[in-house]
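Note sheet for the following structure.
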Amino acid sequence: MTDDTPDPSPAQALASELLALTGRARERAQEDPFGSPVLATALAISRRLEAGALTEAEIATLIRLLRDQAFADRARRLAAYVGGTDPAAAEAAFATLAARLARPDPSDSPVPLAQYRAAVERPRFAAVFTAHPTFALPAEVYRALAEAACGREEGRCFVSHRPERPTLEQEFAQALAAITHGRDALDRLNGALLDAARAHWPDRWAGLVPAPVVLASWVGYDTDGRVDIGWWDTLRLRLRMKAEQLARLGGQLAGLAPAAALARRLDEARAAVEAQIAACPAGPDPDAVAAFARLLIGRREEALVTPEPLLPLFAAAIAAAPDAAARRALCVARAGLLSHGMGLAHTHVRLNAAQLHNAVRLRLGLEDPPADPFRRRVLLSAINAALQEVRTVPVDFGALLAERASAARLMMLVAQVTKHVDGASPIRFLIAETESGYTLLAALWLARLFGVERHVEISPLFETPEALEQGARVLEEALRSPHWRAYLRQTGRLALQFGYSDSGRYVGQLAASFLIERLRLKVAEALARHGLSGVEVVLFDTHGESIGRGGHPGSLADRLGYLSPPAAREAFARAGLRIREESAFQGGDGYLLFGTPELAAASVARIAEHAFAPPPGAADRIYEEADFAAGFFASVGFAMRELVEDAGYAALLGAFGPALLDPTGSRPAARQSEAGAGAAAIRHPRELRAIPNNAILQQLGWCANTLHGLGAAAARQPEPFAELAQESPRFRRALDLARHGLAHSDLDVLRAVVGLLDPGPWLDRAAHAGRPDQAQALVAVAQALGRLGLWAPVQATFRRLQADHVALRTAWPEAPRMATREVLLHAIRIALIQRLWLLGTGIPDFSPRHGVTRPALELQLLRLEVPAALELLAEIFPAAPDPAAGRDYGEPAGPDATISYAREHAAIFEPMRRLFALVREIGTAITHEIGAHG
């Protein structure tokens, strides 16, 4: 992946020249609005390549240079995002926070110890490590990026930043590294809290168990939309998290003589867990599962299922500690154990509501669809009756092995984990696409059936526009059930999950944020109305690091404030409800914030500052302008919904957008065709998954799901828009997403992408071609684009986007624009795509193979499905003669069988392969420019 750094001077000179060319083209566009500066730059690059004045190798070196510059800028932004990476600054932040909690007024006495204990022993925030397909860089490049953010330049030059499709094990390894850094940072925070206590209560501080911030993970446990995770994988990885926790404790106690007995017990437990991991089956083999079950259960007590047996040993060690430093180390270790249980992080499992409905339907015969409003009352009555009558059944690994319903299997697995792995920590049971209270009651029925009602936190995900708009009704349906209310009182917690990916892509990120905040306010009202003021409410935001998934671009502090508006916090406080906030750190991009000890410490410092932040002193003006806010965000949502239903928008996303992305997870970006001619055409954005949808928009140079509709909304009331952008922190933070989107969106870039699909310019170029073969190739591309038939609908969609953007620029003239370097990257890629398509016209004719004709192959290339096309071409046109040819078969030889197509491979196929690699390499550079994938 690395090589020696090449001499940068020729590439830098070329970059300077082309940046100047791009800049001049953009300046001319101010005077000539009918031109296309990006296409003009791309054409200039294409002509140099055709004339031999610019070689493919020089272009490759140039791309690497621009990519590395974007990488370096991203590293600097990452360091600034967390507030700097100086370890001393993080320590000072921890100490300052702890001192303020112990003595809010420096001129006054410290608060009572009981008040301090109540403040620091309750988890207020959880950082949740998730693993959707966002691993847009190789692990070693992510590591280098994190190190560079900390000022450590390793001097390596990566040939490529393109990822390989990560395996589940690779996802887990990256998450584990980030979680480990996070736990180290939490130890530093807890140590500072203990230090402040020791300063004020020197004889009582060692009894504190601080846990204001905790970590959780669904890596290996999230089965929503994934088929590569078996229950045995989840169990094996959960056991590994237990082993890591035990190993961590052992390391913390090393060298502490009073803890010798505790260390021996931990060694014993760890050995038992390692044996359990070694025996864990790799699949549903009954003999292997039975052997594993006997070992897991037989060594359960030895392996420890709760921390309880360790607490007397901790108490004895703390009492025997020779000094405050040893006592502090033991207290920090104990805090990490008790706050996370028998695992390095808390456990979240996840599935889809439809899976849950299917499992209950099979057992109870409830056939009515929960989405049918006319039958929902009957369905709710039936599930309540079932909850009244359900009796717990035992669960063993044989039942788990035999179960076919995925939701029942997952709930059984939860039962086995709580019985045999960790019985101290609740397991979050996340349910995607929850749009009915029936879903929550069905989950509760399964939990009661398998005896884990006390151990699971059933959590609906509100993410679709319908769920966000109807979420209060969904919760109300569940709250009307005495069984659900009793469950909440029993567990003391209501966990809610809010998604930004699907909501953002369907109604726009700004409108989604408003809908989520409005739903939270309604949740507070509903809980108060049902007399559940004693219940803690968990608010889990499952966004990502990209603006396309709701990740605030300004800073981590701004991100936390954006996700948790003050009005919602105050509403829960008025209702007498405590809240615990949780935030996703998703995939490679999210793990970067914990990518080194320094980054993790800074991130935890910002999280802790947010978790203990006092309420704002003054009301935000956006809430005083309720009519404007409601109208503004409704207008954004309406415009985005219209765009999503525009056939040209789907055509724009699907033209060749999916092919611009390397696989960044285990799931394909779009469903595959059964016709053998590559991916099916995208007919609606729902056929793309949310993260690829957003990533395609980034790569096309237009962040529509963050920007579209803002122009229409701002044009309705331009004066309040301008005033609130200055005077409302809540509104300004929302506009920060748009500001970042505008800095990485350019209508001229999008116009050039759309122009690629227009047969007209190709015919215009053919009319001015210098050679007949050039003209013939250009005409062939034009004809193929005509058969593709995307130009008209895509052009209409472009005009829709353009009109809204003109309105936005009018209302917000100082909004940023895309930097020239990023524009140049887009222009280079357009030139390479043009060259790749022209090379494709030289493919010899062939008879249909596997149902694929020459015209079908041409369309495949226009969609940039190059690897699949080249694989087929290698079969049709072999590079070497058939190895069976040239032998002595005992009679005169037949027709010449030694024909090969080495020339076609050298002149067409291999150049296409190299060009396509450069096209995708530019994609990584653009990801660096934006700062996140999807």
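The figures here come from the full heavy-atom set of this structure, side chains too, leaving out hydrogens, waters and symmetry mates. We're numbering straight along the sequence, starting at 1.
With rounding to the nearest 0.5 Å, the separation of CD in Glu582 from CZ in Phe125 is 8.0 Å. Interatomic distance, OG1 of Thr664 versus CZ of Arg162, reported as 12.5 Å (0.5 Å rounding). Residue Glu457 holds its CD atom at 11.0 Å from CG of Leu488, rounded to the nearest 0.5 Å. Leu246 CG to Leu344 CG: the interatomic distance, rounded to the nearest 0.5 Å, is 10.0 Å. Rounding to the nearest 0.5 angstrom, the gap separating the CZ atom in Arg270 from the CG atom in Leu266 is 10.0 Å. Between Glu169 atom CD and Thr167 atom OG1 the span is 6.5 Å, to the nearest 0.5 Å.
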Throw together a table of side-chain donor-acceptor distances under 3.5 angstrom for residues 289-301, partners on residues two or more places apart or in other chains.
{"from": "Arg299", "atom 1": "NE", "to": "Glu302", "atom 2": "OE1", "distance (Å)": "3.0"}
{"from": "Arg299", "atom 1": "NH2", "to": "Glu302", "atom 2": "OE2", "distance (Å)": "2.8"}
{"from": "Arg300", "atom 1": "NH1", "to": "His420", "atom 2": "ND1", "distance (Å)": "2.9"}

For residues 583-608, which side-chain N or O atoms pair as donor and acceptor with protein atoms under 3.5 Å away, sequence neighbours left out?
{"from": "Ser583", "atom 1": "OG", "to": "His543", "atom 2": "NE2", "distance (Å)": "2.7"}
{"from": "Gln586", "atom 1": "OE1", "to": "Arg549", "atom 2": "NH1", "distance (Å)": "2.1"}
{"from": "Asp589", "atom 1": "OD1", "to": "Arg74", "atom 2": "NH2", "distance (Å)": "3.0"}
{"from": "Asp589", "atom 1": "OD1", "to": "Tyr142", "atom 2": "OH", "distance (Å)": "3.2"}
{"from": "Asp589", "atom 1": "OD2", "to": "His933", "atom 2": "N", "distance (Å)": "2.7"}
{"from": "Tyr591", "atom 1": "OH", "to": "Thr130", "atom 2": "O", "distance (Å)": "2.7"}
{"from": "Thr596", "atom 1": "OG1", "to": "Glu598", "atom 2": "N", "distance (Å)": "3.4"}
{"from": "Thr596", "atom 1": "OG1", "to": "Glu598", "atom 2": "OE1", "distance (Å)": "3.3"}
{"from": "Thr596", "atom 1": "OG1", "to": "Leu599", "atom 2": "N", "distance (Å)": "3.1"}
{"from": "Glu598", "atom 1": "OE1", "to": "Arg152", "atom 2": "NH2", "distance (Å)": "3.3"}
{"from": "Glu598", "atom 1": "OE2", "to": "Arg152", "atom 2": "NH1", "distance (Å)": "2.5"}
{"from": "Glu598", "atom 1": "OE2", "to": "Arg152", "atom 2": "NH2", "distance (Å)": "3.4"}
{"from": "Ser603", "atom 1": "OG", "to": "Leu593", "atom 2": "O", "distance (Å)": "2.7"}
{"from": "Ser603", "atom 1": "OG", "to": "Leu599", "atom 2": "O", "distance (Å)": "3.0"}
{"from": "Arg606", "atom 1": "NE", "to": "Glu609", "atom 2": "OE1", "distance (Å)": "2.9"}
{"from": "Arg606", "atom 1": "NH1", "to": "Val82", "atom 2": "O", "distance (Å)": "2.9"}
{"from": "Arg606", "atom 1": "NH2", "to": "Glu609", "atom 2": "OE1", "distance (Å)": "3.4"}
{"from": "Arg606", "atom 1": "NH2", "to": "Glu609", "atom 2": "OE2", "distance (Å)": "3.1"}

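Taking all atoms of both residues into account, the shortest heavy-atom contact from Ala131 to Val219 is CB-CG2, 3.8 Å. Between Pro133 and Ile691, the closest heavy-atom pair is O-CG2, 3.4 Å. Between Trp232 and Gly283, the shortest heavy-atom contact is CE2-CA, 3.6 Å. Listed here is the closest heavy atom pair of Val214 and Ala211: CG1-O, 4.1 Å. Closest of all the heavy-atom pairs between Pro460 and Leu440 is CB-CD2, 3.6 Å. Closest of all the heavy-atom pairs between Phe129 and Ala178 is CE2-CB, 3.8 Å.
Arg198 contributes no side-chain N or O that, together with a main-chain N or O of Trp205, makes up a donor-acceptor pair within less than 3.5 Å. When atom types are taken as modelled, the side chain of Ser459 and the backbone of Ala495 share a donor-acceptor pair closer than 3.5 angstrom. Formation of a donor-acceptor pair under 3.5 Å by the Arg580 side chain with backbone atoms of Arg578 is not found in this model. Judged by distance alone, the side chain of Glu403 and the main-chain N or O of Leu400 form no donor-acceptor pair under 3.5 Å. In this structure, the side chain of Asn190 does not engage the main chain of Val332 through any donor-acceptor pair within 3.5 Å. A donor-acceptor pair under 3.5 Å links the side-chain atoms of Glu121 to the main chain of Val209, judged by distance alone. Counting only distance, with no hydrogens or angles, the side chain of Arg350 and the backbone of Thr223 share no donor-acceptor pair below 3.5 Å. Here the side chain of Thr392 pairs a donor or acceptor atom with the backbone of Arg448 at under 3.5 angstrom.
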| Stepwise side chain to side chain contact (heavy atoms under 4.5 Å, CB included) check, Tyr116 with Leu208 | CA-CA 9 Å; Tyr116 186 77; Leu208 284 175; 3.7 Å; yes
| message | Run Leu338 and Leu311 through side chain to side chain contact (heavy atoms under 4.5 Å, CB included) and show every step you take. | response | CA-CA 9 Å; Leu338 292 181; Leu311 296 185; 3.7 Å; yes
| request: Take Ile458 and Tyr487 through the test side chain to side chain contact (heavy atoms under 4.5 Å, CB included) and record every step on the way to the result. | output: CA-CA 10 Å; Ile458 298 168; Tyr487 162 73; 3.6 Å; yes
| said: Apply side chain to side chain contact (heavy atoms under 4.5 Å, CB included) to residues Val538 and Leu496 and explain how you reach the verdict. | reply: CA-CA 6 Å; Val538 177; Leu496 304 172; over 6 Å; no
| request: Kindly determine whether Arg226 and Glu171 satisfy salt bridge (Lys or Arg N to Asp or Glu O under 4.0 Å), including the steps that lead there. | output: CA-CA 13 Å; Arg226 294 188 69 150; Glu171 291 180 12; 3.0 Å; yes
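Sorted by first then second residue, the side chain to side chain donor-acceptor pair (under 3.5 Å) pairs that include residues 336-348, not counting sequence neighbours, are Arg238-Thr347.
A side-chain donor from one of Asp187 and Gln252 sits under 3.5 Å from a side-chain acceptor of the other. At a cut-off of 3.5 Å, with distance as the only test, no side-chain donor of Lys242 or Gln245 sits close to an acceptor on the other residue.
Comment: Arg236 engages Asp233 in a salt bridge, judged by a side-chain N to carboxylate O separation of less than 4.0 angstrom. Salt-bridge annotation for Arg124 and Glu581: absent, with no side-chain N of the basic residue lying under 4.0 Å from a carboxylate O of the acidic one.
With contacts defined as side-chain heavy-atom distances shorter than 4.5 Å, the pair Thr491/Arg454 does not qualify. Put simply, the side chain of Val349 does not reach to within 4.5 Å of the side chain of Asp222, judged on heavy atoms. The shortest side-chain heavy-atom distance between Met411 and Phe429 falls under the 4.5 Å cut-off. At least one side-chain heavy atom of Arg363 sits under 4.5 Å from a side-chain heavy atom of Leu449. For the pair Phe612 and Pro212, the minimum side-chain heavy-atom distance is below 4.5 Å. A heavy-atom distance below 4.5 Å is not found between the side chains of Leu137 and Pro163. Contact of the Phe94 side chain with the Leu193 side chain is not registered, since no non-hydrogen atoms from C-beta on lie closer than 4.5 Å. Leu253 places a side-chain heavy atom less than 4.5 Å from the side chain of Leu330.
For CZ of Arg204, the number of neighbouring non-hydrogen atoms (other residues, nucleotides, ligands) closer than 6.0 Å is greater than 12.
Among residues two or more places apart in sequence or in another chain, the side-chain hydrogen bond (donor to acceptor under 3.5 Å, both in side chains) test is passed with Arg409 by none. Judged as a ring-ring contact (aromatic ring centres under 6.0 Å, His included), and not counting sequence neighbours, Tyr221 has no contacts. Shown here are the ring-ring contact (aromatic ring centres under 6.0 Å, His included) partners of Trp218, two or more places apart in sequence or in another chain: His132.
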